[in-house]
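Working notes for the structure below.
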Amino acid sequence: MKLRQTLLASILDLCLGAFLLSSVWRVVLPALTDLPAPPFGLVDVAAMVLAGSALIVIGRATGGSLGRAFARGALPDRAIGRRVTLHLGWLTFVVAVLTGWIVTEISPIEFFSGNGLSGAGRIFTALATPNFDIIGLALEAMVVTVFTAFMATIVAVPIAFFLSFPAARNVMSGSATERSIYTALRALLNITRSMEPIIWAIIFSVWVGIGPFAGMLALVVHTVASLAKLYSEQIEDVDEGPIEAISATGANRLQVLWFAVVPQCLIPFLSYTIYRWDINVRMATIIGFVGGGGIGTLLTQYQGLSKFHEVGTLVIIITLVVWLLDVASARVREALK
Amino acid sequence: MTPLIEIDRLSHTYANGVQALRDVSFSVNTGEFLVVIGLSGSGKSTLLRTINRLIEPTHGSVRFDGRDVTHLTGEALRKHRAQIGMIFQHFNLIDRHRVLNNVLYGALGRTSTMPSILGRYTAEQRARAYRNLDVVGIADKAESRADALSGGQQQRVAIARALMQDPRLLLADEPVASLDPATSHSVMQYLERINKDLGMTVICNLHFLSLVRQYATRVIALKGGQLVFTGTPEEITDEWFQTIYGEDAREVEIR
Ligand SMILES: Nc1ncnc2c1ncn2[C@@H]1O[C@H](COP(=O)(O)OP(=O)(O)OP(=O)(O)O)[C@@H](O)[C@H]1O
Ligand SMILES: [Mg+2]
């Protein structure tokens, strides 16, 4: 194995050993014996390192180790190594399920207890008998949510459009500078995209105050990042022929992009944009929970007051609107093909 | 008189290490209809693209009208390209745009960015676009979408686009390879007329020798990136044919 693979395998095995030991020692055993785990200390760290090292040693000796298998992308060649790897895999899976069961506080007793079931009955009855007195208020909030999503999409599209060209490999293949701009931009977009809109909503609700504006800004950031990526992949996919033909006329770079690349991309761009608006309506609802305004905010307010008849009304409206938009956007996108 | 094009010991190696041209030298005079033949992969397309500098060759030089254009960049490169029209096997029109606009794109090299993007072409440019469509006999299709046309019609639009450049030279990279025989002849006849009537120099890659014999005033042949033959169409004997295309090759007729 190459040095880098060995290093990666060792790090993975160390982490796996630490995970197995601490899971068993601090989660599974205390739950079984009903004793609280002792406070976390140096002993635990030492034990975790030891367990990890043990796995590394086993891996060295037999060739059997999950870290090695992952780093190589293949099971070991020797039969003993393969057996050890598979056993370690099963052990890890079982420990993970046990630990997961305990930390998520799964409790069938509560799920099926008389008390629990009567609670479920109450909320389902409430949800099923919505209070339509608030329908005006609810619709107003839904309109705010739909427009939050709409405006976020409208604002994000031109920004994403301009960013998508420097984020396309075939546009930025001219010089070393261009390639590094491309790499940096792609990285930035990926990082931005992996931050969930709900986190952006928390940031912006502090920045501009709770309300639809904060929700819109949060959606804009996420939409720019994901549309720019989708757009730029489309740009990378265009037919080279028209690019050659327009370049051959002596056109400059902007003209080549505008006349040879853009016409090939417009319809797919439009399709992605509609799809994104559809997603944004759902996200705008969720974002409302953390202060992004609209129907999500209304929903958390009623939930906080345990007014479940009102919550029922909101749920019906949200479901209806999301479903309608979903159908409509699928239809439009189908027609665009 | 200096030749229009002088290629001197030209070589090109692609980034992936493929050497597409090896030490190729020849020249072309104004008014010639030069046909380039050779097997698939022999370097014909590469050669054409070094002339209008879609490709920068790795060694040797290209002179156009006495001027060294081998390593032009920026504005000078675009001016050079604007003087040379090019047509392609797959026509390379902008499918979703109207035929007239496709022809107008031939003027992009002489139009600045903003007016062209806003679609502000001069009345003179529009008139010329119509005239060029007339030259290839499809002025009546000016308002159609480019992708609504047949292959032969699309290639004629591409010729009109090239003419829109008012070029000194026309490059044609296998212009009839995706057309049926009858349409092939029609397109070749337009090229012939442009060569004879307008006196425009043409360099054309072709696959079928029957077309070569009919339209070329001179022929060069490439094999593995090297120039292996220069002469008139009549001089391509059976022996030359086998040198160029290999022992097992058979000549196919296209009528
Ligand atoms: N962009 C490129 N990158 C790398 N290699 C290339 C590229 N374009 C062409 N080649 C290679 O260079 C050689 C010459 O290609 P070229 O396209 O010039 O040949 P051709 O004579 O036009 O062939 P054809 O009749 O198939 O069009 C081939 O081996 C080809 O694979
Ligand atoms: Mg070719």
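Proximity to chain A is absent for every atom of B:Arg110, based on heavy atoms less than 4.5 angstrom apart. Proximity to chain A is absent for every atom of B:His80, based on heavy atoms less than 4.5 angstrom apart. Heavy atoms closer than 4.5 Å to chain A are found nowhere in B:Arg53, neither backbone nor side chain. B:Tyr105 touches chain A through backbone and side chain together, each having a heavy atom under 4.5 Å away. Residue contact with chain B, scored on non-hydrogen atoms closer than 4.5 Å, involves the side chain of A:Ile267 exclusively.
In terms of heavy-atom pairs under 4.5 Å with chain B, the best-connected choice from A:Asn252, A:Val256, A:Asp239 is A:Asn252. Between chain A and the residues B:Asn52, B:Thr111, B:Ile94, B:Leu93, the largest count of heavy-atom pairs under 4.5 Å involves B:Ile94. Of the listed residues (A:Ile246, A:Leu254, A:Leu266), the one with the most heavy-atom contacts under 4.5 Å to chain B is A:Ile246.
Using cut-offs of 30° and 60° for the angle between ring planes, the A:Trp207 and A:Phe204 rings count as parallel.
Between A:Asp326 and A:Arg282 there is a salt bridge, since at least one side-chain N of the basic residue sits less than 4.0 Å from a carboxylate O of the acidic one. Ion pair B:Asp147/B:Arg145 flagged as a salt bridge, since at least one NZ, NE, NH1 or NH2 atom sits closer than 4.0 Å to an Asp/Glu carboxylate oxygen.
Taking the salt bridge (Lys or Arg N to Asp or Glu O under 4.0 Å) definition, one finds that B:Arg128 meets it with B:Glu124, B:Asp166, sequence neighbours left out. Remark: A:Arg193 engages A:Asn190, A:His222, A:Ala225, A:Ser226, A:Lys229 in a side chain to side chain contact (heavy atoms under 4.5 Å, CB included) (not counting sequence neighbours).
Note that CG of B:Asn195 is 10.5 Å distant from SG of B:Cys204, once rounded to the nearest 0.5 Å.
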